[in-house]
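A quick note: this is a predicted structure, and the numbers were derived from the prediction, not measured.
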Amino acid sequence: LIMTNKMNIKKQSLTVKELITVGIFSALIFLCIALSGGPFAMFPALTFYYPVGAALLAGPVYLLLVAKVPKTGPIFIAGLLMATFCYVTGMHIGMTIGYLIGSMLAELVAWTRRYKSIKINILSYVVFCLGGTGSYIAYFINPQAWISRMLEKGTPLEYLDTMTASVNQWVLVTMVVGTILVALISGFIGKKLLKKQFEKAGITS
């Protein structure tokens, strides 16, 4: 029984080769998010739609990562990379917390089917992408505290004024719903593009 438990633990542990794979794919996910979400963050009137843009390109890469390393850990590592980048570059702490929580929940979602269900893995990607809304949800909870914090971090007042002026009652709903829809589209595109790889990995519909 002890030997069996040890073998199961070893089987679930990430090998050096798998860690390298996770590192490469996490970097690719980060790059995809930066390419499709970054431009939105650059413009204050569009910054609330960063999570929507960020969900566009990374779906196929995310799903392929889960297919190649169907173990606990890779999804959280990808989220940890995003969270670390957000923290180091001086973004609002809500973004760091958002990606940490989002990646942990996304990991849990994929784990429920042991990473072998494409539909659940796509749902996991949606949850992962919602982590990118963390900073903006913090803004809606307390706009003044958010603005004060960003001023302390050196964000230009002009940027914050333009951002605030773009806010209306639909922004939060559009951001969340848009992120979910774009993440689903990205995931389903990944499902079509990588059908053979998923079948080879034993991932079912």
J.: For the CD1 atom of Ile147 and the CG atom of Leu157, what is their distance to the nearest 0.5 Å?
T.: 9.0 Å

J.: Do Val126 and Ile189 sit in one hydrophobic cluster, given that two such residues count as connected whenever their side-chain heavy atoms are within less than 4.5 Å of each other, even indirectly?
T.: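 Yes, it is one cluster - the side chains of Val126 and Ile189 are joined through contacts under 4.5 Å.
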
J.: Shared ILVMFWY cluster between Val127 and Val176, side chains joined below 4.5 angstrom?
T.: no

J.: Apply side chain to side chain contact (heavy atoms under 4.5 Å, CB included) to residues Val171 and Tyr49 and explain how you reach the verdict.
T.: CA-CA 8 Å; Val171 168; Tyr49 305 109; 3.8 Å; yes

J.: Give the ring-plane orientation class for Phe85 versus Phe30, where under 30° counts as parallel, over 60° as perpendicular and anything between as tilted.
T.: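 Aromatic pair Phe85/Phe30 classed perpendicular.
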
J.: Would you say Asp161's side chain and Thr164's backbone share a donor-acceptor pair under 3.5 angstrom?
T.: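 A pair under 3.5 Å: no.
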
J.: Looking only at atom types and distance, does a side-chain atom of Lys191 sit under 3.5 Å from a main-chain N or O of Ile118, one as donor and one as acceptor?
T.: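 Such a contact is absent between Lys191 side chain and Ile118 backbone.
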
J.: In terms of side-chain heavy atoms, does Ser135 have a donor or acceptor partner in Tyr50 at a distance below 3.5 Å?
T.: no

J.: Mind checking whether Ile120 and Ile203 sit in one hydrophobic cluster, side chains of I, L, V, M, F, W, Y counted as touching below 4.5 Å?
T.: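 In one cluster with Ile120: Ile203, no.
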
J.: In this structure, are over 12 heavy atoms from other groups packed under 6.0 Å from Lys153 atom NZ?
T.: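 Atom NZ in Lys153 is crowded, with more than 12 foreign heavy atoms closer than 6.0 Å.
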
J.: Could you check whether any side-chain N or O of Tyr99 sits under 3.5 Å from a backbone N or O of Gly79, counting only pairs where one atom can act as donor and the other as acceptor?
T.: no

J.: So do the side chains of Leu130 and Pro51 get within less than 4.5 Å of each other, counting heavy atoms only?
T.: no

J.: Less than 6.0 Å separating the ring centroids of Phe48 and Phe140?
T.: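 They qualify: ring centres under 6.0 Å apart.
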
J.: Calculate, to the nearest 0.5 Å, the distance between atoms SG and CE belonging to Cys86 and Met91 respectively.
T.: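 These two atoms lie 4.5 Å from each other.
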
J.: For residues Gln197 and Leu193, report the shortest heavy-atom separation together with the two atoms involved.
T.: OE1-O, 4.3 Å

J.: Looking only at heavy atoms, which two atoms of Gly90 and Met150 are closest? And how far apart?
T.: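 Gly90 and Met150 have their closest heavy atoms at O-CE, 4.1 Å.
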
J.: How long is the span from the CG atom in Leu108 to the OG1 atom in Thr72, to the nearest 0.5 Å?
T.: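 These two atoms lie 9.5 Å from each other.
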
J.: Nearest heavy-atom pair of Ser103 and Leu80: which atoms, and what distance?
T.: OG-N, 4.5 Å

J.: For a quick test of reading the model, state the closest non-hydrogen atom pair linking Lys71 to Ser13 and the distance between them.
T.: NZ-O, 2.8 Å

J.: Please walk me through it: do Val52 and Phe40 pass side chain to side chain contact (heavy atoms under 4.5 Å, CB included)?
T.: CA-CA 9 Å; Val52 182; Phe40 288 87; 6.0 Å; no

J.: So which heavy atom on Leu57 is nearest to which on Ser186, and how close?
T.: C-OG, 4.0 Å

J.: Let me check something: do Met104 and Met95 share a hydrophobic cluster, defined by ILVMFWY side-chain heavy atoms less than 4.5 Å apart, either directly or through other members?
T.: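 No, it is not one cluster - the side chains of Met104 and Met95 are not joined through contacts under 4.5 Å.
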
J.: Within this structure, what is the CD1-CG distance for the pair Ile29 and Leu81, rounded to the nearest 0.5 Å?
T.: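 It comes to 9.0 Å.
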
J.: For a side chain to side chain contact (heavy atoms under 4.5 Å, CB included) check, start with the C-alpha distance between Tyr139 and Val167, then their side-chain angles and the critical distance, and finish with the verdict.
T.: CA-CA 11 Å; Tyr139 171 88; Val167 176; 3.7 Å; yes

J.: Are the side chains of Arg114 and Pro70 in contact, using a 4.5 Å heavy-atom criterion?
T.: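 With C-beta onward as the side chain, the pair stays apart.
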
J.: Can you tell me how far apart CD1 (Ile93) and CG (Leu100) are? Round to the nearest 0.5 Å.
T.: 8.5 Å

J.: Consider only side-chain heavy atoms of I, L, V, M, F, W and Y, link residues closer than 4.5 Å, and tell whether Ile137 and Val173 are in one cluster.
T.: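 No, no single cluster joins them.
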
J.: Mind checking whether Ile33 and Phe128 have side chains closer than 4.5 Å, heavy atoms only?
T.: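 Counting from C-beta outward, Ile33 and Phe128 do come under 4.5 Å.
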
J.: Any donor-acceptor pair under 3.5 Å linking the side-chain atoms of Ser124 with those of Tyr62?
T.: yes

J.: So if I apply the side chain to side chain contact (heavy atoms under 4.5 Å, CB included) rule between Val177 and each of Ile180, Leu181, Thr179, which one comes out positive?
T.: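 Going through the options one by one, the only one that passes is Leu181.
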
J.: Hey, is the main chain of Leu151 close enough, under 3.5 Å, to the side chain of Thr155 for a donor-acceptor pair?
T.: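 No, because the side chain of Thr155 does not come within donor-acceptor range (under 3.5 Å) of the backbone of Leu151.
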
J.: Indicate the atoms forming the closest heavy-atom contact of Ala110 with Ile75, along with that distance.
T.: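 Answer, listing the atom of Ala110 first, then Ile75: CB-CD1, 3.8 Å.
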
J.: So, Thr47 versus Tyr136: side-chain donor-acceptor pair below 3.5 Å or not?
T.: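 Per modelled atom types, Thr47 and Tyr136 side chains form a pair under 3.5 Å.
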
J.: Going from CE on Met42 to OH on Tyr159, what distance comes out if it is rounded to the nearest 0.5 angstrom?
T.: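 Those atoms lie 9.5 Å apart.
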
J.: Checking the side chain of Thr96 only, and the main-chain atoms of His92 only, is there a donor and an acceptor separated by less than 3.5 Å?
T.: no

J.: Does OH belonging to Tyr87 count more than 12 external heavy atoms closer than 6.0 Å?
T.: no

J.: Taking side chain as C-beta onward, heavy atoms only, is Pro74 less than 4.5 Å from Ser26?
T.: no

J.: What do you reckon, is NZ of Lys68 surrounded by more than 12 foreign heavy atoms closer than 6.0 Å?
T.: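 12 or below, so no.
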
J.: On the ring face of Trp111, is Arg113 found with NZ or CZ under 6.0 Å from the centre and within 45° of the axis?
T.: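 The answer is no, since Arg113 fails at least one limit relative to Trp111.
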
J.: Do Glu152 and Arg149 sit within salt-bridge range, that is, some charged N less than 4.0 Å from a carboxylate O?
T.: yes

J.: Going by atom types alone, do Glu107 and Tyr115 pair a side-chain donor with an acceptor below 3.5 Å?
T.: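 A donor-acceptor contact under 3.5 Å links the two side chains.
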
J.: May I have the step-by-step check of side chain to side chain contact (heavy atoms under 4.5 Å, CB included) for Thr15 and Leu19, ending in yes or no?
T.: CA-CA 6 Å; Thr15 65; Leu19 282 170; over 6 Å; no

